[in-house]
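Have a look at the structure below, then the notes.
Remember, it's 1-based here, ligands and their atoms both numbered in the order they're listed.
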Amino acid sequence: MKAVILEDIGKLKVTSMDIPTCGPGEVLVKLEACGICRTDLKCYTMGQRDLHLPRILGHEVAGTVAAMGENVTNLSLGDRVQVAPGIPCGTCSYCLAGFDNLCDEMQIVGFHIDGGFAEYILIPAEGVKFGVLQPIPEHLSFAEAALTEPLACSVNIQDSMNLTSEDTLLIIGAGPLGILNAQLARSRGVNRIIIAETKENRLKLAEEFPIDYIINVKEKDLQQEVLAITKGKGVDGVIPCCPGLEPFSQGINLLAKKGKMGFFSGLIGKDNLGFDLNTIHYKELTVTGGYGCSLAHNQEALRLIAEGQVQIKKMITRNLSLEEVEDGLEMIRNSSELSIVVNF
Ligand SMILES: [Zn+2]
Ligand SMILES: [Zn+2]
């Protein structure tokens, strides 16, 4: 099979390798679509805490069941499946509490084990048993289903923030995660959503989604705009959907008292904090963390997409072939597209 392997940081290779064979309990999935995102770019350019090299990247996976080992029940050859990327132990206290994304034994597709930038992916028996292969409703395309994962990570962070319909939410960055978070917040009834972005193409795309205020922060001062919209109060929730420390600091500074910061997009860079840590103390802020997603988050995300509450189709601005993964990473670096999907 054809596969794209990250041999070392910055060294990506299109190669040919044997199709994996199924042991007992394992399932072989033939790839149909795999999303490519900023996390893949991070793995490629600087590595990631959970990344073990060499590795086939790709954690936003959808395909069909191509082969099954002994003892696999509840699946049939040809089933259309979306792969929830986390394979946890299923028995530790985190797993039993539903926080399986925090399991110490977690194996993440595309990080600890090979992912979806290949024609086939082998799902370990523990994953099959845990239920990571989720059926894709008939009316959804593979590409739409593949983008369940980033939405699931957004479900995770918004669950931790408990926003209400009365809240004003500021999303910093109108990339794929910004747009997903805006759509998710709207589906949950948040009725005032502000998004801040610097790039023309993304500002334009943002207009197609349910966002109340789109702020071009190249031309306008974000603080002034936010204070004008909220009558000087600041926002109740902020979710930075970009990797820089500056938006993070800005987000903290723009929160109202009792405000909540959702911190799920890992920071890149070693800049100094742009806010006074005491702000959290004085304003009684809550900063909640989110890392990846649990199986339950994944299920909710897939349901929201299937119900049309979150629209994925118009987010996909570029389709690529497997050979073009490296080009895709370059597009992500330049923020020239919204969502990018590798098709098979
Ligand atoms: Zn991703
Ligand atoms: Zn566990």
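- I87 is not connected to F99 by any chain of hydrophobic side-chain contacts under 4.5 Å among Ile, Leu, Val, Met, Phe, Trp and Tyr, and they are in different clusters.
- The angle C37:SG - the Zn ion (ligand 1) - H59:NE2 amounts to 100°, with values rounded to 10 degrees.
- Seen from the Zn ion (ligand 2), atom SG on C95 and atom SG on C103 lie at an angle near 110° (rounded to 10 degrees).
- Between Q250 and F275 the shortest side-chain heavy-atom distance does not fall below 4.5 Å.
- R80 forms a cation-pi arrangement with F142, by the criterion of a distance under 6.0 Å to the ring centre and an angle within 45° of the ring axis.
- Under a cutoff of 6.0 Å and an axis angle of 45°, K2 and F117 do not form a cation-pi pair.
- When the Zn ion (ligand 1) is compared with the N/O/S atoms of E60, atom OE2 turns out nearest.
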